**Q** 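I'd like to ask some things about the structure below.
Computed from a predicted structure; not experimentally measured. Below, each value reflects all heavy atoms present in this structure, side chains not excepted, and no hydrogens, waters or symmetry copies.
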Amino acid sequence: MSTENEGTPVPADPAAPSTPPAAPAPPTSMDKPAGGTSPEAAPHAAPEAAPEPAPQAAAPQTTPQASPPVDEPTTVQAPVPAAAPAPAAPHAAPDRPPATAPAPTAAAPAGGWPPPPPPAVPAWGVPVPPAPEAPRRRTGGLVAAVLVASLVAGGIGGGIGYWAAERGDNGFSSTTVSSGQAPASFKREPGTVAAVAAKALPSVVTIQAKSGAQEGEGGTGTGFVYDQEGHIVTNNHVVASAADGGTLSVTFSDGKTYDAEVVGRAEGYDVAVLKLKDAPKGLTPLPLGDSDKVAVGDSTIAIGAPFGLSNTVTTGIVSAKNRPVASGDGSGGGNSYMSALQTDASINPGNSGGPLLDASGAVIGINSAIQSTSGGFGQSQAGSIGLGFAIPVNQAKNVAQQLIKTGKPVYPVIGATVNMNEKGQGATIAAQGSGGTPSVTPGGPAAKAGLKAGDVITGFGDHPIDSGPTLISEIWTHKPGDSVKITYERDGRTATATVVLGERTGDS
């Protein structure tokens with residue numbers, strides 16, 4: 001059955017009803033005038049809609065026009081006038097029965113059936129329901145349409161879901177993982193940050209240093225397992241406060257804590273080595289990489305305890321190499337110098353001494369210093385601004401081995417005192433050394449190379465030199481006994497010389 005235009009007014013033209021005719025109400029007194037049943041009226045009597053119609057007066061068996069079935073739409077024609085008086089209004093199969101049947105207002109005149117009086121309801125084809133009914137039907141139609149659309153969409157979705165389920169039942173494995181199972185069942189591929197961190201974290205420790213001079217004084221830093229004997233490598237400034245009569249404790253990522261003691265410290269390198277007093281079995285040292293082969297742009301992973309938040313992992317890249325950095329421990333002691341790896345991995349106070357890893361999980365540096373917003377290098381309570389500095393692991397490895405072997409650091413030297421305040425023109429050999437001593441040590445490496453006070457060193461090996469700290473940083477990347485080419489200026493002329501580095505044991 002057509003539902004087109006459902007819920008909208010039916011046009012007044014009776015030739016095109018919008019809905020199939022419905023059964024009219026049972027005949028009333030207006031259908032039977034006084035004086036009997038007229039043969040002419042019988043053809044227009046509507047069939048009864050009820051299952052068992054009430055008894056009616058006999059009507060002629062032959063009718064000039066049969067009523068259409070009520071379950072099919074029909075086209076109703078307007079009545080054609082006849083010679084004899086005929087009903088003016090059709091009564092066969094209206095679209096809707098009138099709400100009420102109006103009573104005749106006058107008796108039938110003699111000689112035939114008179115035309116019925118004007119109907120009390122709207123003419124044929126005009127909706128009988130009151131005006132408020134139309135909006136309700138329109139809304140109902142809209143709701144029905146939306147419901148149909150929803151059911152159609154739901155059917156499509158259900159079909160897709162069923163198709164996917166069927167494919168799964170036919171041997172196709174599902175990739176859906178519930179959130180409760182993800183951490184245990186999801187396998188991280190080697191080389192991902194998650195895989196590297198998971199492997200390295202058990203070998204990274206959080207260090208608590210307490211000063212022996214005053215209870216509660218100390219700090220928090222980071223370190224990592226260097227060997228299976230229980231040696232831990234960290235920064236000197238992490239353990240400096242507890243080096244003389246203080247206490248040190250080391251906590252692993254599993255929460256287990258061990259007491260530790262200082263094996264050796266190198267203030268100039270800012271490197272220290274600890275030893276666990278009761279080292280557990282099965283320690284896994286972190287693998288050491290080659291910091292000389294690191295390239296700018298390589299991925300980095302830093303692990304530490306920034307502001308005491310242990311087992312924190314951050315990532316970045318190597319943003320520069322051979323960055324000359326002079327850093328202090330904040331206690332007024334001597335500075336340390338490094339030709340550092342610069343990284344934008346987030347490093348904060350507490351990260352000091354922790355490993356800087358490459359994408360394979362090998363240590364390429366020891367996180368040591370940050371650039372603070374105050375404009376100076378060193379350990380500051382300012383947060384990370386994306387400029388962190390790590391001691392290259394090649395240098396740290398040499399220092400750690402020396403500390404484990406002798407407990408004292410060994411520094412390469414050139415045997416000359418340089419100006420530490422000037423920058424931009426090179427490293428100038430001072431006119432006089434500390435305490436009135438000669439600026440160039442007699443018989444030392446610089447003296448043997450022919451260097452004199454006032455010479456400006458502008459190159460050391462393949463690296464340009466712009467200041468005294470830069471020169472020291474480059475010298476300390478070598479070992480005693482190394483031969484290095486030096487470029488210098490004297491009286492406006494550039495010259496070169498080869499220096500065989502000497503050594504100095506211990507901090508002075």
**Q** Aromatic contact between Y337 and Y269, with the criterion being ring centroids under 6.0 Å apart: yes or no?
**A** no

**Q** Using atom types as modelled and distance alone, determine if a side-chain donor or acceptor of H478 lies under 3.5 Å from a backbone N or O of E474.
**A** yes

**Q** Main chain of G361, side chain of D358: is a donor-acceptor contact present, judged purely on distance under 3.5 Å?
**A** yes

**Q** Output the distance between atom CG (D455) and atom OG (S439), rounded to the nearest 0.5 Å.
**A** 9.5 Å

**Q** Backbone N or O of T222 within a donor-acceptor pair of the T206 side chain at under 3.5 Å?
**A** no

**Q** Has T470 got a side-chain atom pairing as donor or acceptor with D466's backbone, closer than 3.5 angstrom?
**A** no

**Q** Do you know the tightest heavy-atom contact between A242 and K210?
**A** CB-O, 3.4 Å

**Q** Quick test of your reading of the model: are D259 and K277 salt-bridged, counting only N-O distances below 4.0 Å?
**A** no

**Q** For Q425, look at atom CD and say whether over 12 heavy atoms of other residues, nucleotides or ligands are found less than 6.0 Å away.
**A** no

**Q** I'd like to know whether NZ of K275 has more than 12 heavy-atom contacts from other residues, nucleotides or ligands below 6.0 angstrom.
**A** yes

**Q** State, with a plain yes or no, whether a side-chain heavy atom of N322 is found less than 4.5 Å away from one of H463.
**A** yes

**Q** Is there a donor-acceptor pair under 3.5 Å between the side chain of T441 and the backbone N or O of G444?
**A** no

**Q** Is the number of heavy atoms from other residues, nucleotides or ligands within 6.0 Å of NZ (K321) greater than 12?
**A** yes

**Q** Would you please say whether a donor-acceptor pair under 3.5 Å links the side chains of S249 and Q208?
**A** no

**Q** Please say whether more than 12 non-hydrogen atoms of neighbouring residues, nucleotides or ligands are located less than 6.0 Å from CD in Q228.
**A** no

**Q** So, Y488 side chain and K452 main chain: donor-acceptor pair closer than 3.5 Å or not?
**A** no

**Q** Has T284 got a side-chain atom pairing as donor or acceptor with S203's backbone, closer than 3.5 angstrom?
**A** no

**Q** With no hydrogens and no angle check, is any side-chain donor or acceptor of N236 less than 3.5 Å from a backbone partner on D270?
**A** no

**Q** When you measure from the side chain of S473 to the backbone N and O of P469, does any donor-acceptor pair fall under 3.5 Å?
**A** yes

**Q** Keeping T257 on the side-chain end and T251 on the backbone end, is there a donor-acceptor pair under 3.5 Å?
**A** no

**Q** Measuring from atom OG1 of T428 to atom CD of E422, what distance do you get when rounded to the nearest 0.5 angstrom?
**A** 4.5 Å

